[in-house]
Amino acid sequence: MKYSQYFIPTIKDSPADAELTSHKLMVRAGMIRKLAAGIYNILPFGLKAIRKVENIVRDELNKAGAVEVFLPSIQPSSLWEETGRWLQYDLELLRVKDRHDREFCYGPTHEEVITDLVRNDIKSYKQLPVNLYQIQTKFRDEIRPRFGIMRAREFTMKDAYSFDATDAGANISFEKMVQAYDNIFQRCGLQFRGVDADSGAIGGDFSREYMVLAESGENEVAYCNSCDYAANVEKAKVLYKENIESTVPEEQLEEVHTPGYKSIEEVANFLKVTPADCVKCLIYETEEEMIALLIRGDRQVNEIKLKNFLGVETIALASDELIYKTLQLTTGYLGPVGMKISVYADNELQENRTFVTGANKDEFHLKNVDLSRDAQIKGYGDFRNIEANDPCPSCGKHGINFCRGIEVGHVFKLGTKYSEKMNATFLDQNGKSQHFIMGCYGIGIGRTVAAAIEQNNDDKGIIWPKEIAPFHVHLVSLFNKDSDLMEASEKLYNELIEAGVEVLWDDRNESVGKKFKDADLLGLPLQIVFGKPFQEEKQVEITERKTLTKEKFPLNKAVEIITKKLS
RNA sequence: CGGAAUGUAGCGCAGUCUGGUAGCGUACUAAGUUCGGGACUUAGGGGUCGGAGGUUCAAAUCCUCUCAUUCCGACCA
């Protein structure tokens, strides 16, 4: 491709709204432009990279036996009403009406559509298993789109759905996808981890997330140094050892005056104890009721675990005003003793010992609180985040570490959740009607490209992994007025194309500096420069973008050397 | 939706406090000079100052409302 006839509008300054390195670089390298919040134009250079990822995805999925389809982006509300998600999805679902006032949505995902397709056309176990996938534009009206294409409202996603006759078969389908995903992200040149998302579940549904490791990732991943356990911190279980010996002698409750000491830190300092000797009491509001949660003073609440434990849809910390209005209590002095609403406590507080808690009385705390003696605990559970000195939930050894990750893929065993709700059945060998056992498997295509850039860049620009680079080679001709040089450049350009190399030839009449800066910014794996060495001794300069090491070679060896470097 | 901020040329910003000629950098156009790391000189084009209403002789500037965007929290590929 000749740069002069292409369209890569590079810019020096990154836009003010770009936070993330990958977002800045994608805008600066002329890959994307914002049209509206969370909605982007994809420009040719960006599209090339996206297509590369798509083709890797296609290739690996096809190898794994999946079959490509293309489903509508606009879906009728009736299907969503069958699964109950028309109401569940709320504002995230972009709803539209047609001229007859019929309701539709712009598809955020396609479980309903695919299940409908399959239930209509697959009637026998003989037609199973089947795994259908598509690469589609989806729309989710996210509350807060950010990071450019990384978390857009409109985005391209590969989604696959497997249908099996038996549970064992569904597990095989799942494993095949796990293998395919490993291959895909490997080929995209990413450092990633497959992370178990609900490892403890026995026999039930389970899922696995693919995290690209990056400082700026939105997810925190916990992993074990001793075994291959890795999990999203949201879901990583905290092992609880029962029957811990008492370390504190039994003492009587004692009320202490703690004027102005509200935070755990302040109270612990004032009473000369550690935060671990204190209990935090937090009031949460759900759609059903208000509850109090107890957790050790030095720990972090995991609201997802709490939400799952309570089996509620929404959960949020109650405001100070609400707490005062309904309980007549002031935050900072809350505690379980005499609490009027249901109290739940983290497993850890079952230790046979006493704690410091709020007294439910302004400016007072209680010492020597024994939860089993002094409070009514409705339930104990795992409500906190795993921490570095916790044992590994898988092997039990100590050595949990943390890193941040960008979720680029998710594989999920759905079971019969959708097939039951939508009455999608087939006849098994015995002529009996059975529900399909499903799996669904997503990959964020644009996000994968963004994650690759997030992971591969330097202060000059992008450093493309070879397999997803928009082109392999950036051919730079420095002096447009030198017709010999331009002719020789064009000849090499054609020879490289002939040899199957994808070349971007910068034939623009621009200053030398600009051409070099653009080449570094666009970050193609190899830069070939026609400059002084060509004029003086018929040599070209080859620079590896990653290391920025330059080497000179005679022009007649160039094709050979370039193809070798790229292989 | 809760908290915070910002809307002025394609992009990045100043000007707003203290009302009085619409500015800077970059990008763009033309000519000339340059040519191994975002060149220089000269001459140009480009603005309903987010929108509506109000105060005033006079509003980018003050007031009210509104829209949009961004940042921090809960959702997700």
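Residue numbers begin at 1 in each chain, while the letters A, B, ... track the order of the sequences. Remember, it's a predicted structure, so these values are computed and weren't measured experimentally. Below, each value reflects all heavy atoms present in this structure, side chains not excepted, and no hydrogens, waters or symmetry copies.
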Q: Return the value, rounded to whole Å, for the distance between atom NZ of A:Lys235 and atom C1' of B:C75.
A: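 About 12 Å, once rounded to whole Å.
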Q: Is A:Lys481 touching bases, backbone alone, or none of the nucleic acid, heavy atoms closer than 4.0 Å?
A: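 Touches a base.
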Q: Start with the C-alpha distance between A:Ser4 and A:Asp507, add both sets of side-chain angles, then the distance that settles side-chain hydrogen bond (donor to acceptor under 3.5 Å, both in side chains), and finish with yes or no.
A: CA-CA 6 Å; A:Ser4 62; A:Asp507 59 333; 2.7 Å; yes
Q: Provide the distance between the two C1' atoms, one in B:U26 and one in B:G19, to the nearest whole Å.
A: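 Taking atom C1' in both B:U26 and B:G19, they lie 30 Å apart.
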Q: Looking at B:C72, B:A77, B:U69, which one has an atom nearest to any side-chain atom of A:Glu19?
A: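 Within the option list, the nearest is B:C72.
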Q: A:Arg447 side chain: which of B:A77, B:C35, B:A39 is closest?
A: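 Nearest listed nucleotide: B:A77.
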Q: Nearest to the side chain of A:Ile304, heavy atoms from C-beta on, is which of B:C75, B:A74, B:G38?
A: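 Within the option list, the nearest is B:C75.
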Q: Could you verify whether a donor N or O on one side chain and an acceptor N or O on the other, from A:Asn183 and A:Tyr181, lie under 3.5 Å apart?
A: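 There is no such pair (donor and acceptor under 3.5 Å, judged by atom type) between the side chains of A:Asn183 and A:Tyr181.
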Q: Counting only side-chain nitrogens and oxygens, does A:Lys12 get under 4.0 Å of the OP1 or OP2 atom of B:U26?
A: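 No, outside the criterion.
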Q: For nucleotides B:A74 and B:C28, find the distance between their C1' atoms and express it as a whole number of Å.
A: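 Pairwise C1' distance, B:A74 against B:C28, rounds to 45 Å.
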Q: Looking only at the side chains, is there a donor atom on one of A:Tyr133 and A:Asn62 sitting less than 3.5 Å from an acceptor on the other?
A: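 A:Tyr133 vs A:Asn62: donor-acceptor pair found between side chains.
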Q: If B:G46 has a Watson-Crick or G-U wobble mate with both distances under 3.5 Å, name it; if not, just say none.
A: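 None - no nucleotide pairs with B:G46, as no candidate has both distances under 3.5 Å.
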Q: Could you give me the CA-CA distance, side-chain angles and deciding distance for A:Phe383 and A:Phe309, then say whether ring pair (Phe, Tyr, Trp, His ring centres under 6.0 Å) is met?
A: CA-CA 8 Å; A:Phe383 299 130; A:Phe309 183 92; 4.9 Å; yes
Q: For the P atoms, the ones on B:G38 and on B:G12, what distance do you get once it is rounded to whole angstrom?
A: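 It comes out at 23 Å once rounded to the nearest Å.
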Q: With a non-hydrogen cut-off below 4.0 angstrom, is A:Gly444 in contact with a base, only sugar-phosphate, or nothing?
A: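 Base, at least one base heavy atom under 4.0 Å.
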Q: Does B:C72 have OP1 or OP2 sitting under 4.0 Å from an N or O in the side chain of A:Arg146?
A: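 A:Arg146 to B:C72 OP1/OP2: side-chain N or O found under 4.0 Å.
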Q: Write down the distance separating the P atoms in B:C63 and B:A68, rounded off to the nearest Å.
A: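 Between the two P atoms, the distance is 22 Å.
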Q: Starting from the 5' end of RNA chain B, give me the residue, A:Asp520 or A:Phe147, whose nearest nucleotide shows up first.
A: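 By nearest-heavy-atom nucleotide position, the 5'-most residue is A:Asp520.
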Q: If you only use heavy atoms from C-beta on, which nucleotide in B:G37, B:A77, B:G38 is closest to the side chain of A:Val512?
A: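 Of all the options, the side chain of A:Val512 is nearest to B:G37.
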Q: Rounded to whole Å, how long is the line connecting atom CG of A:Asp13 with atom C1' of B:G12?
A: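 After rounding, the reported distance stands at 5 Å.
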Q: For B:C40, give the paired nucleotide (Watson-Crick: N1-N3 plus N6-O4 or O6-N4; G-U: N1-O2 and O6-N3; both under 3.5 Å), or none.
A: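 Paired with B:G32.
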Q: In whole angstroms, how far is the C1' atom of B:A77 from the CD atom of A:Glu454?
A: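 After rounding, the gap between these two atoms is 16 Å.
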Q: When the distance from CD of A:Glu92 to P of B:C76 is rounded to whole Å, what number comes out?
A: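 In whole Å, B:C76 P and A:Glu92 CD are 7 Å from each other.
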Q: Give none if B:A60 has no partner; otherwise give the nucleotide forming a Watson-Crick or G-U wobble pair with it, both distances under 3.5 Å.
A: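 Base partner found: none.
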Q: Please confirm whether A:Lys532 makes a cation-pi placement over A:Phe534, using NZ or CZ under 6.0 Å from the six-membered ring centre and within 45° of the ring normal.
A: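 A:Lys532 over A:Phe534 ring: no.
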Q: Would you check if there is a donor-acceptor pair between the side chains of A:Tyr106 and A:Glu154 at a distance under 3.5 Å?
A: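 Note: A:Glu154 and A:Tyr106 side chains miss the donor-acceptor criterion.
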Q: Could you check which nucleotide pairs with B:G2 in any of the strands shown, counting Watson-Crick or G-U wobble with both distances under 3.5 Å?
A: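 Its partner is B:C72 (Watson-Crick or G-U wobble, both distances under 3.5 Å).
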Q: Ignoring the backbone of A:Arg140, work out which of B:G38, B:A77, B:G37 is nearest its side chain.
A: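 Selected nucleotide: B:A77.
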Q: At a heavy-atom distance below 4.0 Å, what parts of residues 38-53 of chain A sit against RNA chain B?
A: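 Heavy-atom contacts with RNA chain B come from no residue of residues 38-53 of chain A; none.
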Q: Can you tell me whether the side chain of A:Glu541 and the base of B:G36 have a donor-acceptor pair closer than 3.5 Å?
A: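 Such a pair exists between side chain and base.
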Q: Rounding to an integer number of Å, can you tell me how far A:Asp141 CG sits from B:C1 P?
A: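 The distance from CG of A:Asp141 to P of B:C1 comes to 12 Å, rounded to the nearest Å.
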Q: Check whether the side chains of A:Glu407 and A:Asn232 place a donor and an acceptor atom closer than 3.5 Å, and report yes or no.
A: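 No - no donor-acceptor pair under 3.5 Å links their side chains.
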Q: Under 4.0 angstrom, heavy atoms only, what part of the nucleic acid is A:Gly531 near: base, sugar-phosphate, or nothing?
A: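 Here A:Gly531 touches the bases of the nucleic acid.
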Q: Using side chain to side chain donor-acceptor pair (under 3.5 Å) as the criterion, point out the one residue from A:Glu82, A:Glu111, A:Glu112, A:Arg85 that pairs with A:Tyr418.
A: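 Going through A:Glu82, A:Glu111, A:Glu112, A:Arg85 one by one, the side chain to side chain donor-acceptor pair (under 3.5 Å) with A:Tyr418 is satisfied by A:Arg85 alone.
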Q: Please determine, for B:A77, whether a Watson-Crick or G-U wobble partner exists with both distances under 3.5 Å, and give it or none.
A: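 With both distances under 3.5 Å required, B:A77 matches none.
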Q: Ring stacking, A:Phe155 with base of B:A77, under 5.5 Å and under 30°?
A: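 Taking the rule of under 5.5 Å and under 30°, the ring of A:Phe155 does stack on B:A77.
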Q: Touch check for A:Ala152, heavy atoms < 4.0 angstrom, all strands: base, sugar-phosphate only, or nothing?
A: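 Base contact - A:Ala152 has a heavy atom under 4.0 Å of at least one base atom.
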Q: Is any side-chain N or O of A:Arg28 under 3.5 Å from a base N or O of B:G38, one able to act as donor and the other as acceptor?
A: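 By the distance-only test, yes, there is a pair.
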Q: Using the P atom as the point on both nucleotides, what is the distance between B:G51 and B:A9, in whole Å?
A: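 So the two P atoms sit 11 Å from each other.
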Q: Considering only the C1' atoms, how many Å lie between B:C67 and B:U41, rounded to the nearest integer?
A: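 Looking at atom C1' only, B:C67 and B:U41 are 45 Å apart.
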Q: Taking the P atom of each, how far is B:G44 from B:A58, in whole Å?
A: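 Per the computed distance, 34 Å lies between those P atoms.
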Q: Is there a Watson-Crick or G-U wobble partner for B:U55 with both distances under 3.5 Å, and which nucleotide is it?
A: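 By the stated definition (distances under 3.5 Å), nothing pairs with B:U55.
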Q: Watson-Crick or G-U wobble partner for B:U16, using a 3.5 Å limit on both distances?
A: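 Paired with B:U16, as far as the under-3.5 Å criterion goes, is no nucleotide at all.
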Q: Distance check, P atoms only: B:G53 and B:C13, in whole angstrom units.
A: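 30 Å, rounded to whole Å.
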Q: Once you apply a heavy-atom cut-off of 4.0 Å, does A:Leu478 come out as touching a base, just sugar-phosphate, or nothing?
A: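 If one applies the 4.0 Å heavy-atom cut-off, A:Leu478 turns out to touch a base.
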Q: Take the protein atom CD1 of A:Ile135 and the nucleotide atom P of B:A77, then report the distance between them rounded to whole Å.
A: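 It works out to 17 Å between those atoms.
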Q: Checking A:Asn457 against A:Lys24: is there a side-chain donor and acceptor pair closer than 3.5 Å?
A: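 Short answer, no.
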Q: Could you tell me whether A:Arg95 sits above the aromatic face of A:Trp86, with NZ or CZ closer than 6.0 angstrom to the six-membered ring centre and within 45 degrees of the axis?
A: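 Output yes; distance and angle both within limits.
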Q: Starting the side chain at C-beta, find the nucleotide from B:C76, B:G38, B:G36 nearest to A:Asn219.
A: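 Out of B:C76, B:G38, B:G36, the nucleotide with an atom closest to A:Asn219's side chain is B:C76.
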Q: State the syn/anti category of B:U34 according to its glycosidic angle, syn meaning within 90° of 0.
A: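 What B:U34 shows is an anti base, its glycosidic angle lying more than 90° from 0.
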Q: Given the structure, check if the side chain of A:Lys550 and the base of B:G37 hold any donor-acceptor pair shorter than 3.5 Å.
A: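 Looking at the base of B:G37, it does pair with a donor or acceptor on the side chain of A:Lys550 (distance under 3.5 Å).
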Q: Any side-chain N or O of A:Lys34 less than 4.0 Å from the OP1 or OP2 oxygen of B:U70?
A: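 For B:U70, OP1/OP2 do have a side-chain N/O of A:Lys34 under 4.0 Å.
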Q: Can you tell me the distance, in whole Å, between the CZ atom of A:Arg151 and the C1' atom of B:C72?
A: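 My rounded result for the distance is 13 Å.
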Q: Is the NZ or CZ atom of A:Arg193 both under 6.0 Å from the centre of the six-membered ring of A:Tyr223 and within 45° of that ring's axis?
A: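 Flagged: A:Arg193 positioned over aromatic ring of A:Tyr223.
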Q: Return the nearest nucleotide to the side chain of A:Pro15; candidates are B:C72, B:G12, B:C76.
A: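 Among B:C72, B:G12, B:C76, the one nearest the side chain of A:Pro15 is B:G12.
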Q: When both hydrogen-bonding distances must be under 3.5 Å and the geometry is Watson-Crick or G-U wobble, what is B:U21 paired with, if anything?
A: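 For B:U21, the partner nucleotide comes out as none, under the 3.5 Å rule.
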Q: If you only use heavy atoms from C-beta on, which nucleotide in B:C35, B:G36, B:G38 is closest to the side chain of A:Lys517?
A: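 It is B:G38.
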Q: Between A:Glu218 and A:Ala16, which is nearer to the 5' end of RNA chain B once each is assigned its nearest nucleotide?
A: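 Here A:Ala16 is the residue nearer the 5' end.
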Q: In whole angstrom, give the distance that lies between atom CG of A:Asp518 and atom P of B:G37.
A: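 Going from A:Asp518 (CG) to B:G37 (P), I get 15 Å.
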Q: Distance only, no hydrogens: is a donor on one side chain within 3.5 Å (strictly under) of an acceptor on the other, for A:Tyr441 and A:Ser162?
A: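 Yes.
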